[in-house]
Amino acid sequence: MSFDPKAHLAELLHAALQSVAPETPADIHLERPKQASHGDFASNLAMQLARALKDNPRKIAERLVRELPASPWLEKAEIAGAGFINFTLAPAAKTQIVRNVLTAADGFGRGTAPEGCRKVQVEFVSANPTGPLHVGHGRGAAYGASLASLLAFAGYQVCREYYVNDAGRQMDILAVSTWLRYLELFEEYVPFPPNAYQGGYVREMAEQVKATHQDRYVHSAEAILACAPPAPPRREDGAYTKDEKEQLESHLDGLISAAKDLLGEEWAYVHQHALTEQLADCREDLEAYGVHFDCWFSERSLYDTGMVAKAVAELERRGHIYVQDGAKWFRSTDFGDEKDRVVQRDNGLYTYFASDIAYHANKFERGFDKVIDIWGADHHGYIPRVRGALKALDIDDGKLDVALVQFVSLFRDGAKVSMSTRSGEFVTLRELREDVGNDACRFFYLLRKSDQALDFDLTLAKSESSDNPVYYVQYAHARICSVLGQWGGEAGGLAAADLGSLQSERELALCARLAEFPEVIAASARDYAPHAVAFYLRELAADFHGWYNAERLLVEDEQAKLARLALAVAVRQVLRNGLRILGVSTPEAM
RNA sequence: CCGCCCGUAGCUCAACCGGAUAGAGCACCGGCCUUCUAAGCCGGGGGUUAGGGGUUCGAGUCCCUUCGGGCGGACCA
């Protein structure tokens with residue numbers, strides 16, 4: 001069994017506490033001081049006890065240190081500052097971590113999920129399949145994928161899910177956009193609405209439909225326009241008034257119902273074609289980004305299987321629904337929301353919220369102990385009503401966590417780039433990946449907290465891609481691989497190396513850094529903060545680069561050489577374990 | 001007006017659920033390649049943590065308040 005210095009010190013302190021203040025309960029908390037001169041671990045136990053014992057913290061610290069049982073692993077325990085006890089470990093207590101890492105290998109740092117909280121679902125991206133993913137989705141994807149990997153590494157059984165919004169009006173708009181572009185190919189010109197999807201991919205889909213089915217879906221422009229309320233006069237600058245915007249929306253709705261009427265059964269084909277194409281494109285994009293999903297959950301399936309109706313009926317049965325102005329309202333104010341919400345409109349259609357209630361009820365029916373939704377920050381107002389619905393259905397809403405990812409603003413040459421899917425002038429995730437590279441892209445996103453708004457400077461990201469922090473970490477990995485190659489020995493045998501020659505400050509600091517890894521994993525999994533892993537890896541790489549520059553690894557002395565190689569391989573292992581979580585590759589040469 | 005996120009070096013960001021002298025990167029200045037990858041290392045300057053008040057041994061962190069920024073406040077998704 002491997003030796004844990006932190007647990008050992010906690011035991012020593014506990015023993016000392018028993019003789020100094022056996023009656024006083026106190027939790028023993030050890031932390032790693034920021035400053036090296038403060039030792040390897042510090043305890044504030046004496047300060048905690050000061051009030052209960054009505055004594056000076058430093059005096060209490062002195063008594064604790066005096067009562068500390070002797071240990072071969074402890075070099076010294078000093079009292080500092082207001083009453084901290086600083087512990088310095090014996091070198092052997094620090095270097096043994098190298099053996100632990102080499103033995104555990106891929107499993108070093110892995111945790112165990114608490115009993116009864118093992119099955120976790122992480123739902124992320126979930127973008128409408130109405131066009132290419134853009135840089136905002138890229139952030140959600142990077143965050144969600146790393147969080148899922150992090151939780152899996154921390155011992156949870158993780159299901160990665162994408163919620164496909166294939167049932168709503170947005171999909172109808174995409175389908176009708178495709179159809180209008182298709183009609184243009186047959187010289188039937190319906191003025192293309194400015195609020196329909198403008199992107200070039202819509203024309204591509206139109207071409208595909210034409211290639212497969214020729215003129216099968218052609219109807220005259222006159223017939224179509226006759227069914228829809230008129231559009232307002234076109235404004236090239238897009239500055240429509242509020243009234244005109246409403247007109248545009250009803251005009252578009254009119255075109256959609258015209259399409260449904262004229263095409264009849266065949267509308268489903270156009271609709272399905274657009275959905276299938278966009279979903280496939282999205283999936284391919286994400287896979288290439290290294291983001292994988294275990295489950296693609298269809299919103300439409302909730303309607304097809306009656307789950308939406310069932311969820312609303314269940315709320316109704318429990319007396320949380322009332323009818324007003326012909327619509328069904330969920331009394332979410334009873335559960336902490338600021339106003340009640342419509343679940344079924346006066347025209348009989350369910351709202352998006354209704355399917356979301358059914359969706360979340362379904363998530364918990366699937367037996368997850370914890371459900372994590374990753375949403376864009378603009379959805380924050382949505383949280384209380386979803387929680388409210390869960391409470392109304394007697395589902396423990398404490399099992400739902402919502403992580404909000406703040407917006408990404410794109411800057412190019414110092415100017416903000418406007419993004420809008422419908423206008424078609426957004427920067428796609430695909431373009432960004434090809435520009436900056438997958439590794440740099442993912443690492444860049446993860447180098448800041450998800451709840452912090454992010455300015456993505458394209459010019460900078462591209463021009464500085466050669467000294468992007470990700471290369472700094474990968475470079476450390478490549479250097480170690482290179483040294484091992486020149487040594488030519490068998491890395492597997494290094495776990496048995498005598499580590500006694502690892503004595504220098506840098507070497508011991510590097511060992512301490514390695515020992516931190518499991519704690520970093522546990523803390524960042526607890527806080528849903530994969531960025532902490534990225535920061536840790538940068539520090540580990542910095543420690544390594546410093547050591548590498550200061551001391552030669554392949555020295556004459558065989559024992560010293562093997563000890564150093566063992567340390568280097570341990571560093572490489574932790575870099576691998578960490579980068580794997582972040583979805584970043586580990587090149588052997590750069 | 002109400003709600004959520006936030007305000008830390010010139011810029012982009014950290015700071016282990018209250019700890020010690022607030023740290024990195026970029027940018028700037030000065031050094032280090034006939035020895036394992038210079039995509040690297042070593043050193044230097046740079047701060048009233050937006051302002052004010054409170055809680056306590058101790059506050060960037062918790063509470064109140066002012067100012068400033070972003071995002072929400074649909075029978076849209």
Side-chain angles (χ1 to χ4, degrees), chain A residues 29 31-35 37-38 42 44 47-48 50-51 56-57 80-84 86 128 130 165 167-171 173 249 299 324-329 338-339 341-347 349-353 355-356 376-384 404 406-407 409 444 447-457 460 464-476 478-487 516 519-520 522-524 526-527 529 531-532 534-536 538-539 541-542 544-555 561 564-565 568 589-590:
Chain A
H29 181 66
E31 60 181 29
R32 297 174 185 275
K34 291 174 193 165
Q35 222 177 315
S37 64
H38 291 149
N44 60 356
M47 283 127 97
Q48 280 181 51
R51 183 175 298 176
N56 181 317
F84 289 98
N86 293 336
N128 285 337
T130 52
N165 299 123
R169 178 168 178 264
Q170 296 305 318
M171 269 312 301
I173 296 175
E249 295 304 321
E299 179 189 7
Q324 187 181 307
D325 302 330
K328 281 188 182 173
W329 297 70
E338 57 182 7
K339 55 179 285 194
R341 309 290 174 176
V342 172
V343 288
Q344 191 172 17
R345 282 177 274 190
D346 55 6
N347 61 10
L349 293 176
Y350 290 106
T351 59
Y352 180 83
F353 179 42
S355 53
D356 240 5
D378 55 334
H379 283 58
H380 66 78
Y382 207 72
I383 300 173
L404 296 177
Q406 291 288 333
F407 273 17
S409 307
F444 193 95
L447 221 41
R448 50 220 68 205
K449 282 190 298 199
S450 57
D451 60 4
Q452 189 89 294
L454 164 61
D455 289 343
F456 203 120
D457 189 327
L460 198 71
E464 289 195 343
S465 61
S466 68
D467 53 3
N468 189 300
V470 70
Y471 298 112
Y472 183 79
V473 178
Q474 289 179 319
Y475 187 48
R479 271 182 153 175
I480 296 168
C481 291
S482 170
V483 171
L484 282 171
Q486 284 167 58
W487 170 55
E516 264 182 64
E519 295 164 32
V520 169
S524 49
R526 179 198 64 205
D527 299 337
H531 78 276
F535 277 90
Y536 167 81
R538 221 172 47 168
E539 279 161 15
F544 173 76
H545 286 308
W547 177 52
Y548 179 92
N549 274 273
E551 290 178 79
R552 196 176 162 77
L553 274 66
L554 298 174
V555 289
K561 180 171 74 181
R564 287 176 190 187
L565 286 168
M590 289 176 72

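If you're wondering where the values come from, they're calculated on a predicted model, not measured in any experiment. Per chain, numbering begins at 1; letters A, B, ... match sequence-line order.
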Under 4.0 Å between a side-chain N/O of A/Gln486 and OP1 or OP2 of B/U37, yes or no?
-> yes
B/C29 versus B/G69 - spacing of their P atoms, nearest Å = 35 Å
Spacing of the C1' atoms in B/G30 and B/G47 (rounded, Å) = 23 Å
So which nucleotide does B/C28 pair with, by the Watson-Crick or G-U wobble rule with both distances under 3.5 Å?
-> B/G44
Tell me whether B/C17 sits syn or anti, counting syn as a glycosidic angle within 90° of 0.
-> anti
Rounded off to whole Å, could you give me the CZ-to-P distance for the A/Arg32 and B/A20 pair?
-> 17 Å
Determine the contact category for A/Leu447: base if any of its heavy atoms lies under 4.0 Å from a base atom, sugar-phosphate if only primed atoms, P, OP1 or OP2 are that close, otherwise nothing.
-> sugar-phosphate
Pick the P atom in B/G44 and in B/A22, then give their distance to the nearest Å.
-> 16 Å
So, does A/Arg341 use its side chain to make a donor-acceptor pair with the main chain of A/Lys339 at under 3.5 Å?
-> yes
Sugar-phosphate only, base, or nothing, as touched by A/Ala532 at under 4.0 Å among non-hydrogen atoms | nothing
Base, sugar-phosphate, or nothing for A/Ala589, non-hydrogen atoms under 4.0 angstrom?
-> base
Just checking A/Phe535: base, sugar-phosphate only, or nothing, at a heavy-atom cut-off of under 4.0 Å?
-> sugar-phosphate
Please determine if a side-chain N or O atom of A/Lys449 lies less than 4.0 Å away from the OP1 or OP2 oxygen of B/C13.
-> no
Using a heavy-atom cut-off of under 4.0 Å over every strand shown, decide if A/Ala42 touches base, sugar-phosphate, or nothing.
-> base
From CD1 of A/Ile480 across to P of B/G40 the rounded distance in Å is 15 Å
Is A/His545 touching bases, backbone alone, or none of the nucleic acid, heavy atoms closer than 4.0 Å?
-> sugar-phosphate
Keeping the roles fixed (side chain from A/Arg564, backbone from A/Arg552), state whether a donor-acceptor pair exists under 3.5 Å.
-> yes
Could you say whether A/Tyr548 or A/Asp527 is positioned toward the 5' end of RNA chain B, judged by the nucleotide with the nearest heavy atom to each?
-> A/Asp527
Given the P atoms of B/A27 and B/C11, what is the spacing between them in whole Å?
-> 16 Å
Reading nucleotides 72-77 of chain B from the 5' end, what letters show protein touch, with B for base, S for backbone sugar-phosphate only, - for no heavy atom under 4.0 Å?
-> SSSBSB
Candidate nucleotides B/G19, B/A14, B/A15, ranked by approach to the side chain of A/Met47 - the nearest | B/G19
Can you figure out which of B/G40, B/C5, B/A20 approaches the side chain of A/Gln406 most closely?
-> B/C5
Under a 4.5 Å cut-off applied to non-hydrogen side-chain atoms, are A/Thr351 and A/Arg345 in contact?
-> yes
For nucleotides B/U49 and B/C13, find the distance between their C1' atoms and express it as a whole number of Å.
-> 14 Å
Does A/Leu349 offer a backbone N or O that forms a donor-acceptor pair with the side chain of A/Asn347 under 3.5 Å?
-> yes
Scan nucleotides 8-12 of chain B against the protein and return all N/O pairs shorter than 3.5 Å with their distances rounded to 0.1 Å.
| residue | atom | partner | partner atom | Å |
| --- | --- | --- | --- | --- |
| B/U12 | O2' | A/Arg448 | NH1 | 2.6 |

Map A/Pro57 and A/Ala523 onto RNA chain B by nearest heavy atom, then report which one ends up closer to the 5' terminus.
-> A/Ala523
Main-chain N/O of A/Tyr472 paired with A/His545 side-chain donor or acceptor, under 3.5 Å = yes
If you look at every strand shown and take non-hydrogen atoms under 4.0 Å, does A/Tyr475 touch a base, only sugar-phosphate, or nothing?
-> base
Plane angle bin for A/Tyr352 and A/Tyr382 - parallel if under 30°, tilted between 30 and 60°, otherwise perpendicular | tilted
P atom, B/G10 versus B/C5: distance in rounded Å?
-> 27 Å
Report the relative orientation of the aromatic rings in A/Tyr548 and A/Phe544; use parallel for angles under 30°, tilted for 30 to 60°, perpendicular for over 60°.
-> tilted
Just by distance, do the side chain of A/Trp329 and the backbone of A/Gln324 share a donor-acceptor pair under 3.5 Å?
-> yes
For B/C41 versus B/C36, give the span between their C1' atoms, rounded off to a whole number of Å.
-> 15 Å
Minimum-distance nucleotide to A/Arg479 side chain [options: B/A14, B/A20, B/G40] | B/G40
Taking atom P in both B/C63 and B/C16, what distance in whole Å separates the two?
-> 16 Å
Would you mind telling me which of B/A24, B/C16, B/A39 lies closest to the side-chain atoms of A/Met590?
-> B/A39
Given B/A15, B/A38, B/C41, the nucleotide with the shortest approach to the side chain of A/His531 = B/A15
Assess the side chains of A/Thr130 and A/Gln170: does a donor N or O sit below 3.5 Å from an acceptor N or O?
-> no
Just to confirm, is there a sub-4.0 Å distance from OP1 or OP2 of B/U37 to any side-chain nitrogen or oxygen of A/Ser482?
-> yes
Base, sugar-phosphate alone, or nothing: which one does A/Asn86 contact when heavy atoms must sit under 4.0 Å apart?
-> base
